[in-house]
K.L.:
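I have a structure I would like to understand better, so I am pasting it below and will then ask my questions one at a time.
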Amino acid sequence: MNNFDVIVIGGGHAGVEAASVCSRSGVKVLLITHDIKKIGEMSCNPAIGGIGKSHLAKEVDALGGLMARAADKSGIHYRVLNSTKGQAVRATRVQTDRDLYKKAIQEFILSETNLSVIEGSVDDFKIQESSIKSVSTASGEEYFAKAVILTTGTFLMGVMHTGLEKSSGGRVGDPSSDKLAKTLRSLDLKVGRLKTGTPPRINKHSIDWKALTPQPGDFPTPLLSYVSNPEDRPKQLDCYMTRTNKKTHEIILEHLDESPMYSGVIEGIGPRYCPSIEDKVMRFSERDSHQIFAEPEGLNSELIYPNGISTSLPIKAQTALVRSIKGFENADIVRAGYAIEYDFFDPTGLKHSLETKAISGLYFAGQINGTTGYEEAAAQGIVAGINASLKIKKEGVFELKRDEAYIGVLIDDLVSLGTKEPYRMFTSRAEYRLILREDNADMRLTEKGRDLGIVSDLLWENFIQKTDAVKRENSRLQSQKLKPGSSSAIQVEKLSGEKINDSTSLYEILKRPKVLHAHLPQGTESLANNVIDEIEASVKYAGYIKRQQIDIERLQRNENTPIPKHIDYEQVVGLSNEVKQKLAEARPESLARASRLPGVTPAAISLLMVHLKRERHPVG
């Protein structure tokens, strides 16, 4: 009764993706969580997507995951960021209804056929011969499995700070997992402390909305998932914008000695790219103001999330700084902002499968690996779940390379480089972002998901339809030509401002920067927006993509050059002691992964390459 193939600990964004994909893989999985009613809880801002993050969400979706579908069932405000720029940096952001998102996730999870869910607090593991055997809960129950996926979020030794007051907890209303943290600290794993935070929540009826600038959502309204329909979405709402001011900054500076971050109470490092308002005021002292977005937490919620003023100042100071802001003069704070400090484990102790190097069958996913954000957690959760399932079936390992997915960039960064601050995904982290676009996540990953048996028939059918439509339209564009002076050519010139001097195919005309697919003579087939996006991007970026493919092939030659597990780096002639130490600690599996380690120079890689050739082909 207590025997399972895989056990997932934690019902957050990493945990639900891990549990769901294990179920879809056909293995027997148990999800253990503190509170079933909080599965899929959005602990901070109820929003999915944004720069770099929507790429992850859509990649999870392309593999059959839950996040994007839940976002569309709860999305109340959609915007495409960087919409005037190229497809490679465009990103969809969805403000969701907190309760509807959680409801959608729970419906998905509780309908899985191979998945059992229980409430409990795991506080111990049984490990034999460096392999996971079972987990034990605080109530004394023992559950057995060959693979365990740990997705603990901010709960390991979680400490919440508001001003100089602190309390134990994983988030407001939930206890921290101190016993489990102590168990993990006793293992052969490197532990550290990180910090994240959240802003105060404001009663929407206490805000002067007329003083704020409306931020309407996009129309036509996009979708995040490849299988959602427009009718899946609930009612749409506006968000609003205001700004801090000099008075706000003065209040913050007056109370800095009461900030746990600046008084030395918090040791953990906070996210550089999502800083508290205290950090912003100190680091960007030349600025007189910072943007704040007043975002609704739901259709029926009384709460507004003031995105941009995450703080851990005392409640009295929080009230003063909030009320110094235009439109918030009479704001009532329903719940104070706070910082939370928690344990994480050095991700360089993981394989690219997210299995720990020290303990066979134990996988880590989410904030336990030093990341921040729902999307980063979901991406790790689905990879850990896939690999745990493959381990049970003895069917190898699933890895995504840096040229295949942002998920591959995320995991390779963590495993190869580690992190000293909460890791957040950005498009700038990807070397091949012209290939890794938001619009083509399905073209890159859905076939892989189908081969793994984790993609639904609906997603597969949509993918086939899109692929066929792209092929047909590309064929039409290449075969149909415009003659100078023809009515169609004159129309294209009028719409795009591009002159057509020679008889040219529509495909070649579309390569021009100012020409859109909508400017061209249309075929008889009505094309979906995602088909048009795919065609425009692949045509306009064709030359750049070809160059990136050459780089990728060069990289793959190194990627395919393995480094023996037990290589003695002391025997590599010419390497500095520092490089030898880094290589010995990281134990990279290939030359390409060795090259991404900090301080490992191209010259060092050349020396290592020579050594490997000599090892394979010794002289005499």
Side-chain angles (χ1 to χ4, degrees), residues 1-42 46 48 57-75 94 96-120 143 145 147 149 151 223-234 298 365-366 374-375 377-379 381-386 388-389 392-393 442 446 449-450 452-463:
M1 184 177 176
N2 283 8
N3 290 298
F4 296 87
D5 293 318
V6 180
I7 295 172
V8 178
I9 301 170
H13 303 281
V16 297
E17 297 292 355
S20 174
V21 78
C22 286
S23 174
R24 299 198 306 277
S25 297
V27 302
K28 187 180 178 185
V29 57
L30 172 66
L31 174 62
I32 305 177
T33 182
H34 282 297
D35 186 346
I36 289 176
K37 293 178 181 177
K38 291 187 176 179
I39 289 174
E41 183 80 66
M42 305 180 95
I48 299 295
K58 289 185 80 76
E59 288 177 354
V60 169
D61 189 63
L63 290 168
L66 311 180
M67 174 170 277
R69 281 188 285 152
D72 285 333
K73 284 182 175 293
S74 57
V94 188
T96 68
D97 180 303
R98 184 186 297 280
D99 292 334
L100 288 178
Y101 184 90
K102 185 167 58 176
K103 179 185 176 185
I105 290 290
Q106 290 176 16
E107 286 176 352
F108 292 146
I109 285 294
L110 298 177
S111 65
E112 295 282 7
T113 54
N114 302 306
L115 173 61
S116 301
V117 183
I118 64 166
E119 290 185 343
Y143 298 92
I149 304 173
T151 69
L223 288 164
L224 195 60
S225 171
Y226 291 106
V227 295
S228 294
N229 292 306
E231 55 266 27
D232 292 336
R233 286 189 301 254
Y374 307 146
E375 302 82 0
I382 201 166
V383 169
I386 290 169
S389 301
I392 298 303
K393 299 176 185 178
D442 55 342
T446 295
R450 189 68 172 182
L452 290 165
I454 59 174
V455 161
S456 70
D457 289 342
L458 176 59
L459 176 55
W460 182 245
E461 288 165 11
N462 288 355
F463 168 71

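Model, not experiment: these values are computed from the prediction.
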K.L.:
Counting only heavy atoms not in Lys103, do more than 12 sit closer than 6.0 Å to its NZ atom?
P.N.:
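Counting neighbours around NZ of Lys103, 12 or fewer heavy atoms of other residues, nucleotides or ligands fall under 6.0 Å, so no.
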
K.L.:
When you measure from the side chain of Ser116 to the backbone N and O of Leu30, does any donor-acceptor pair fall under 3.5 Å?
P.N.:
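Not a single qualifying donor-acceptor pair exists.
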
K.L.:
Any chance you could measure Ser228, atom OG, to Leu458, atom CG, to the nearest 0.5 Å?
P.N.:
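Atom-to-atom, Ser228:OG and Leu458:CG are 9.5 Å apart.
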
K.L.:
Indicate the atoms forming the closest heavy-atom contact of Gly64 with Leu459, along with that distance.
P.N.:
N-CD2, 3.8 Å

K.L.:
Determine the minimum heavy-atom distance between Tyr374 and Met67, stating which atoms define it.
P.N.:
O-CE, 3.4 Å

K.L.:
Rounded to the nearest 0.5 Å, how far apart are CG of Leu110 and CD1 of Ile105?
P.N.:
11.0 Å

K.L.:
Does the side chain of Arg24 reach to within under 4.5 Å of the side chain of Ser20, using non-hydrogen atoms?
P.N.:
yes

K.L.:
Less than 4.5 Å apart, any side-chain heavy atom of Arg233 and any of Leu223?
P.N.:
yes

K.L.:
Determine the minimum heavy-atom distance between His13 and Gly40, stating which atoms define it.
P.N.:
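Scanning both residues completely, I find the closest heavy atoms to be CE1-O, 4.2 Å.
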
K.L.:
Under the 3.5 angstrom rule, does the side chain of Asp72 hit a backbone N or O of Ser225 as a donor-acceptor pair?
P.N.:
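Yes, Asp72 side chain to Ser225 backbone: donor-acceptor pair under 3.5 Å.
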
K.L.:
Does any N or O in the side chain of Glu375 come within less than 3.5 Å of the main-chain N or O of Ala57, such that one atom is a donor and the other an acceptor?
P.N.:
no

K.L.:
Grab the two heavy atoms, one from Ser25 and one from Val21, that are nearest each other, plus how far apart they are.
P.N.:
OG-O, 2.7 Å

K.L.:
Any side-chain heavy atom of Ile48 sitting closer than 4.5 Å to one from Tyr101?
P.N.:
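Touching, per the 4.5 Å side-chain cut-off.
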
K.L.:
Work out which heavy atom in Ile149 is nearest to a heavy atom in Ala388; give both atom names and the distance.
P.N.:
CD1-CB, 3.8 Å

K.L.:
Between Arg450 and Asp457, is there a salt bridge with N-O shorter than 4.0 Å?
P.N.:
yes

K.L.:
Do side-chain atoms of Asn462 reach the backbone of Tyr226 as a donor and acceptor pair under 3.5 angstrom?
P.N.:
yes

K.L.:
So, does Asn229 use its side chain to make a donor-acceptor pair with the main chain of Glu231 at under 3.5 Å?
P.N.:
no

K.L.:
After noting the C-alpha distance and the side-chain angles of Tyr143 and Phe4, does the key distance pass the side chain to side chain contact (heavy atoms under 4.5 Å, CB included) rule?
P.N.:
CA-CA 8 Å; Tyr143 298 92; Phe4 296 87; 4.1 Å; yes

K.L.:
If you measure from CG on Leu63 to CD1 on Ile382, what distance do you get to the nearest 0.5 Å?
P.N.:
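Going from the CG atom of Leu63 to the CD1 atom of Ile382 covers 5.0 Å.
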
K.L.:
Looking at Thr151 and Ile9, would you say the former's side chain and the latter's main chain have a donor-acceptor pair under 3.5 Å?
P.N.:
yes

K.L.:
In a check of side chain to side chain contact (heavy atoms under 4.5 Å, CB included) between Cys22 and each of Val29, Ile7, Leu31, which one passes?
P.N.:
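Of the listed options, the one satisfying the test is Val29.
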
K.L.:
Just checking Lys393: does its NZ atom have more than 12 heavy atoms from other residues, nucleotides or ligands closer to it than 6.0 angstrom?
P.N.:
yes

K.L.:
Taking the side chain as C-beta and beyond, is there a heavy-atom pair between Asn114 and Val27 under 4.5 Å?
P.N.:
no

K.L.:
Counting distance only, does the side-chain N/O of Glu17 pair as donor-acceptor with the main-chain N or O of Leu66 below 3.5 Å?
P.N.:
yes

K.L.:
Do the side chains of Ile109 and Leu115 get nearer than 4.5 Å, heavy atoms only?
P.N.:
yes

K.L.:
Okay, side chain of Ser389, backbone of Gly385: is any donor-acceptor separation there less than 3.5 Å?
P.N.:
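Flag set: sc Ser389 to bb Gly385 pair under 3.5 Å.
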
K.L.:
Rounded to the nearest 0.5 Å, how far apart are CG of Leu100 and CD of Glu107?
P.N.:
9.5 Å

K.L.:
Side-chain contact test, heavy atoms from C-beta onward, threshold under 4.5 Å: evaluate it for Val227 versus Arg69 and give yes or no.
P.N.:
yes

K.L.:
Side chains of Pro46 and Asp97: does their closest heavy-atom pair fall under 4.5 Å?
P.N.:
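Sidechains of Asp97 and Pro46: no contact.
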
K.L.:
How close do Lys38 and Gln106 get, counting heavy atoms only, and between which atoms?
P.N.:
N-NE2, 4.0 Å

K.L.:
Nearest 0.5 Å please: distance from the CD atom of Glu59 over to the OG1 atom of Thr446.
P.N.:
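Taking CD in Glu59 and OG1 in Thr446, the distance rounds to 10.5 Å.
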
K.L.:
Output the distance between atom OG1 (Thr33) and atom CG (Asp35), rounded to the nearest 0.5 Å.
P.N.:
7.0 Å

K.L.:
Can a donor-acceptor pair be found, under 3.5 Å and without considering hydrogens, that links the side chain of Lys58 to the backbone of Leu224?
P.N.:
yes

